[in-house]
Protein chains: 2
Amino acid sequence: MDATQTIRALSALAQEHRLAAFRLLVEAGPDGLAAGALADALGIPASSLSFHLAQLSNAGLVSQRRVSRSIIYAADYAAMNGLLSYLTENCCAGGLCAPATTAERIAS
Amino acid sequence: MDATQTIRALSALAQEHRLAAFRLLVEAGPDGLAAGALADALGIPASSLSFHLAQLSNAGLVSQRRVSRSIIYAADYAAMNGLLSYLTENCCAGGLCAPATTAERIAS
DNA sequence: TCCATGATTCGATAAATGTGGAAATATCGA
DNA sequence: TCGATATTTCCACATTTATCGAATCATGGA
């Protein structure tokens, strides 16, 4: 992941509704959630959500697939991994500020 | 770190010049860099850089101290750690997308 | 085919962000 | 004190971003 792509991903997550939507999608797992379900959960109009989902999609953070009349969105874990890797490698002093991994957190 | 603070930090890094500035500060280490040195390195006017540094400062990602006529900025690793921790804990599926730590990367 | 449903696109508008010159502030050396 | 240096603040302006109703598109059932 290069700097430009990183900025796109950071911008995508740097917004209240989009960060909330992404968290819901992460929580939902690979099955994802329909756009309508997300709009309900977030309490925002469908057109507003559509705008935000387009940004997350453009940043490569979510994938979408049509199922009947619904469009199901799902978090792209690889993209998130790429973002975290970039930040850890380029914005940390040799890993000095790298957070513990899940395994390490559980062990502590 | 809560969602609001996370969004502030993500917004601060989601901009070409600010991400570049932060990377330079991380590279510079605890000694940091003077505002003028950053402006030269980035090739932007002092007033523009000052605006960006204020955002990074507001997000808690950098600290500043005056040394004679210069104001020295330095990356705040703890804040960056907090951001990465939040993203790993809230935006990853149980650590599924957590990147390897530096030690793990070196070992692999 | 016709209608209902789920979602996106369009368009207008409001708000926030980025830019950079000029003026103001702080510090140092002579 | 005076002038030079380093930086920030102020200001006007252009650009981008966010909001949301209305119109449009796609799908499935009767």
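Just so you know, these numbers use all the heavy atoms, side chains as well, and skip hydrogens, waters and symmetry mates. Just so it is clear, the model here is predicted, and its values are computed rather than measured. So you know, we letter chains A, B, ... as the sequences are listed, proteins then strands, and number each from 1.
Across all strands shown, Ser70(A) has heavy atoms under 4.0 Å from sugar-phosphate atoms exclusively, and none from any base. Base contact: Ser48(B) has a heavy atom under 4.0 Å from a base atom. Across all strands, Ser68(A) comes closer than 4.0 Å only to sugar-phosphate atoms, never to a base (heavy-atom distances).
Minimum heavy-atom separation, Leu87(B) to Thr6(B): CD2-CG2, 4.5 Å. Nearest heavy-atom pair, Leu61(B) versus Ala9(B), reported as atom, atom and distance to 0.1 Å: CD1-O, 3.8 Å. Across Asp76(B) and Gly60(B), no two heavy atoms sit closer than the pair CB-O, 3.6 Å. In terms of heavy-atom proximity, Ala75(A) sits nearest to Phe22(A) at CB-CE1, 3.9 Å.
dT7(D) atom P lies 16 Å from atom CG of Leu56(B), rounded to whole Å. Remark: C1' of dG29(D) and CZ of Arg69(A) are 7 Å apart, rounded to the nearest angstrom. Rounded to an integer number of Å, the gap from CG of Leu49(B) to C1' of dT9(D) is 14 Å. Distance Phe51(B) CZ to dT7(D) C1': 16 Å, rounded to the nearest Å.
The residue among Arg66(A) and Ala54(A) whose nearest nucleotide of DNA chain C lies closer to the 5′ end is Arg66(A).
Protein chain B contacts DNA chain C over a range whose 5' and 3' limits, counting nucleotides with an atom under 4.0 angstrom from a non-hydrogen atom, are dG18(C) to dC28(C).
In this structure a side-chain-to-backbone donor-acceptor pair under 3.5 Å is present from Ser11(A) to Ile7(A). Of the possible polar contacts, one joining the Arg18(A) side chain to the Ala12(A) backbone as a donor-acceptor pair under 3.5 Å is found.
Under the rule for a side chain to side chain donor-acceptor pair (under 3.5 Å), the partners of Gln64(B) that lie at least two apart in sequence or sit in another chain are Ser57(B), Tyr73(B). By the side-chain contact (heavy atoms from CB on, under 4.5 Å) test, Ser68(A) is found to be paired with no residue, residues two or more places apart in sequence or in another chain being considered.
Of the residues in residues 8-19 of chain A, those placing a heavy atom less than 4.0 Å from an atom of DNA chain D are Gln15(A), His17(A), Arg18(A), in numerical order. Of the residues in residues 31-47 of chain A, those lying under 4.0 Å from DNA chain D by heavy-atom distance are Pro45(A), Ser47(A).
An OP1 or OP2 oxygen of dT17(D) is reached within less than 4.0 angstrom by no side-chain nitrogen or oxygen of His52(A).
Ile72(A) belongs to a hydrophobic cluster with Val67(A), counting contacts under 4.5 Å between side-chain heavy atoms of Ile, Leu, Val, Met, Phe, Trp and Tyr, direct or through other members.
Residue Val26(B) is grouped with residue Met80(B) when hydrophobic side chains (ILVMFWY) are merged at heavy-atom distances under 4.5 angstrom, including chains of intermediate members. Hydrophobic clustering of Ile, Leu, Val, Met, Phe, Trp and Tyr side chains at less than 4.5 Å, counting indirect connections, unites Leu38(B) with Ile44(B).
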